[in-house]
Amino acid sequence: MTGTPLKDCNIKILLASGSPRRRELLAMIAPDFTVAPSRDVDESYPSDMPAEEVAVYLSGVKAEAYKDLLADDEIIITADTVVIIDDRILGKPADRDDAIAMLKSLSGRRHKVVTGVTVTTKDRSISFDETTAVEFALLSDDEINHYIDTFKPYDKAGAYGIQEWIGAVGIKGIEGCYYNVMGLPVHTLYHRLKKFRAYDSLP
């Protein structure tokens with residue numbers, strides 16, 4: 001039963017995310033899902049929390065905000081992605097100057113992208129995270145300006161999307177899951193969802 005494709009599941013999958021990239025990625029492994037209605041969620045986190053723990057913490061916070069929405073045959077997926085350099089989290093840029101500053105801080109350096117995911121039913125929940133190391137080549141001011149003005153990455157943590165022009169010309173290499181950098185570690189998520197499908201014991 002655990003080998004059954006997710007499209008044959010009898011459970012209904014909901015995704016709580018406004019990100020078009022997460023919707024695209026989830027569709028690769030679970031074609032029949034529904035986007036949950038948007039809800040206001042307080043995405044603050046303890047100031048002393050290690051940066052690597054923030055994404056999975058926030059995915060759990062989001063899950064709690066949606067739990068009352070679930071029917072008995074439904075699960076909901078919540079996620080959060082952070083970019084970390086020098087133990088500092090780079091969120092979504094506030095404006096053009098902020099985006100420029102973020103890309104300059106990443107230029108010629110290696111950083112981490114952590115995505116936290118929580119999968120929740122009415123009576124149980126699992127959370128996990130995945131980390132990918134990303135190395136940027138040195139970026140010129142012209143390259144940074146071109147990317148920001150053309151692609152306007154204001155909805156992306158760290159002010160970049162690996163699947164866009166900047167990924168092709170600026171990223172020297174990665175260690176870990178490519179899709180994780182886009183916002184959803186689909187390989188790991190697929191196997192966690194199969195556990196839900198088979199009602200296996202939770203990790």
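Position 1 is the first residue of the sequence; numbering continues from there. Heavy atoms only: backbone and side chains are in, while hydrogens, waters and symmetry mates are out. Predicted, not measured: the structure shown is a model, and the values here were computed from it.
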- Message: I'd like to check Leu26 versus Leu189 (side-chain heavy atoms, cut-off strictly below 4.5 Å). Are they in contact?
- Response: yes
- Rounded to the nearest 0.5 Å, what separation is found between the CZ atom of Phe128 and the CZ atom of Arg192? 5.5 Å
- Hey, can you tell me if Phe151 and Trp165 have their rings parallel, tilted or perpendicular (30° and 60° cut-offs)? parallel
- Item | Within-4.5 Å side-chain heavy-atom neighbours: Arg96 and Asp149 | yes
- Message: Grouping I, L, V, M, F, W and Y whenever their side-chain heavy atoms are under 4.5 Å apart, do Leu70 and Ile77 come out in a common cluster?
- Response: no
- Message: Count I, L, V, M, F, W, Y as connected when their side-chain heavy atoms are under 4.5 Å apart, and connections chain through other members. Are Leu184 and Ile84 then in the same cluster?
- Response: no
- Atom CD1 of Ile75 and atom CD1 of Ile13: how far apart are they, to the nearest 0.5 Å? 4.5 Å
- Over all heavy atoms of both residues, which pair between Val117 and Pro185 is shortest? Give the atoms and the distance, please. CG2-CD, 3.8 Å
- Message: Closer than 4.0 angstrom, basic N to acidic O: yes or no for Lys12 and Asp32?
- Response: no
What side-chain donor-acceptor pairs closer than 3.5 Å can you find for residues 56-65, not counting sequence neighbours?
| residue | atom | partner | partner atom | Å |
| --- | --- | --- | --- | --- |
| Ser59 | OG | Val56 | O | 2.8 |
| Ser59 | OG | Thr118 | OG1 | 2.8 |
| Lys62 | NZ | Ala79 | O | 2.7 |
| Lys62 | NZ | Asp80 | OD1 | 3.1 |

- Message: Whether the side chain of Ser107 engages the backbone of Leu103 through a donor-acceptor N/O pair (distance < 3.5 Å, no angle test) should be reported.
- Response: no
- Message: Quick check with a 6.0 Å cut-off and a 45 degree axis cone: is Arg39 positioned over the face of Tyr66's six-membered ring?
- Response: yes
- Check for a donor-acceptor pair, side chain of Glu74 on one end and backbone N or O of Ala71 on the other, with a separation under 3.5 Å. yes
- Between Ile174 and Gly176, what is the shortest heavy-atom contact and its length? CD1-O, 3.8 Å
- Contact summary for Cys177 and Glu130, nearest pair of heavy atoms: CB-OE2, 3.5 Å
- Query: Do Leu15 and Ile76 have side-chain heavy atoms sitting under 4.5 Å apart?
  - Reply: no
- Salt-bridge contact Asp68-Lys122 (side-chain N to carboxylate O under 4.0 Å): no
- Of all heavy-atom pairs between Leu193 and Val119, which one has the smallest distance, and what is that distance? CD2-CG1, 4.0 Å
- Message: Classify the ring geometry of Tyr160 against His111: parallel below 30°, tilted from 30° to 60°, perpendicular beyond 60°.
- Response: perpendicular
- Taking C-beta and beyond as the side chain, do Arg23 and Phe33 meet within less than 4.5 Å on heavy atoms? yes
- Can you tell me how far CG of Asp40 sits from OG of Ser38, rounded to the nearest 0.5 angstrom? 6.5 Å
- Message: Quick check for you: to the nearest 0.5 Å, what is the distance between Met102 atom CE and Asp97 atom CG?
- Response: 11.5 Å
- Query: With the threshold set at 4.0 Å, does a side-chain nitrogen-carboxylate oxygen contact exist between Glu175 and Arg110?
  - Reply: yes
- Lys156 side chain to Pro153 backbone, donor-acceptor under 3.5 Å: no
- Sidechain-backbone polar pair: Arg22 side chain, Gly183 backbone, donor-acceptor under 3.5 Å: yes
- Is any side-chain heavy atom of Asp141 less than 4.5 Å from a side-chain heavy atom of Lys104? yes
- Query: Would you find more than 12 non-hydrogen atoms of other residues, nucleotides or ligands less than 6.0 Å from Lys67 atom NZ?
  - Reply: yes
- Query: Any salt bridge between Lys92 and Asp98, counting N to O under 4.0 Å?
  - Reply: no
- Query: Looking just at side-chain N and O atoms, do Ser44 and Asp42 make a donor-acceptor pair shorter than 3.5 Å?
  - Reply: yes
- Is it true that atom OH of Tyr147 has more than 12 heavy atoms of other residues, nucleotides or ligands lying nearer than 6.0 Å? yes
- Item | Shared hydrophobic cluster for Phe136 and Val82 (ILVMFWY, side-chain gaps under 4.5 Å) | no
- Query: Is Val181 close to Val134 at the side-chain level, that is, under 4.5 Å between some pair of heavy atoms?
  - Reply: yes
- Item | Leu106 versus Gly158, closest heavy-atom pair with distance | CD1-O, 3.7 Å
- Residue that, paired with Asn180, satisfies side chain to side chain donor-acceptor pair (under 3.5 Å) out of Thr132, Thr188, Thr131: Thr132
- Does the distance from a Lys or Arg side-chain N to an Asp or Glu carboxylate O, for Glu135 and Lys172, drop under 4.0 Å? yes
- Query: Going through the checks in order, is the side-chain contact (heavy atoms from CB on, under 4.5 Å) test met by Tyr45 and Glu53?
  - Reply: CA-CA 10 Å; Tyr45 53 87; Glu53 298 177 11; over 6 Å; no
- Message: Pair Asp129, Thr115 - check side-chain contact (heavy atoms from CB on, under 4.5 Å), show working.
- Response: CA-CA 5 Å; Asp129 59 32; Thr115 297; over 6 Å; no
- Query: Can you get from Tyr190 to Leu14 by hopping between Ile, Leu, Val, Met, Phe, Trp and Tyr side chains that sit under 4.5 Å apart?
  - Reply: no
- Task: Say whether Ile85 and Val114 are linked into one hydrophobic cluster, either directly or through other cluster members, by side-chain heavy-atom distances under 4.5 angstrom.
- Result: no
- Would you mind checking if Arg21 and Asp155 are paired as a salt bridge, meaning a charged N to carboxylate O distance below 4.0 Å? yes
- Closest contact, heavy atoms only, Leu69 versus Pro37: CD2-CD, 4.2 Å
- Query: Can you find a pair of side-chain heavy atoms, one from Val113 and one from Thr81, that are under 4.5 Å apart?
  - Reply: yes
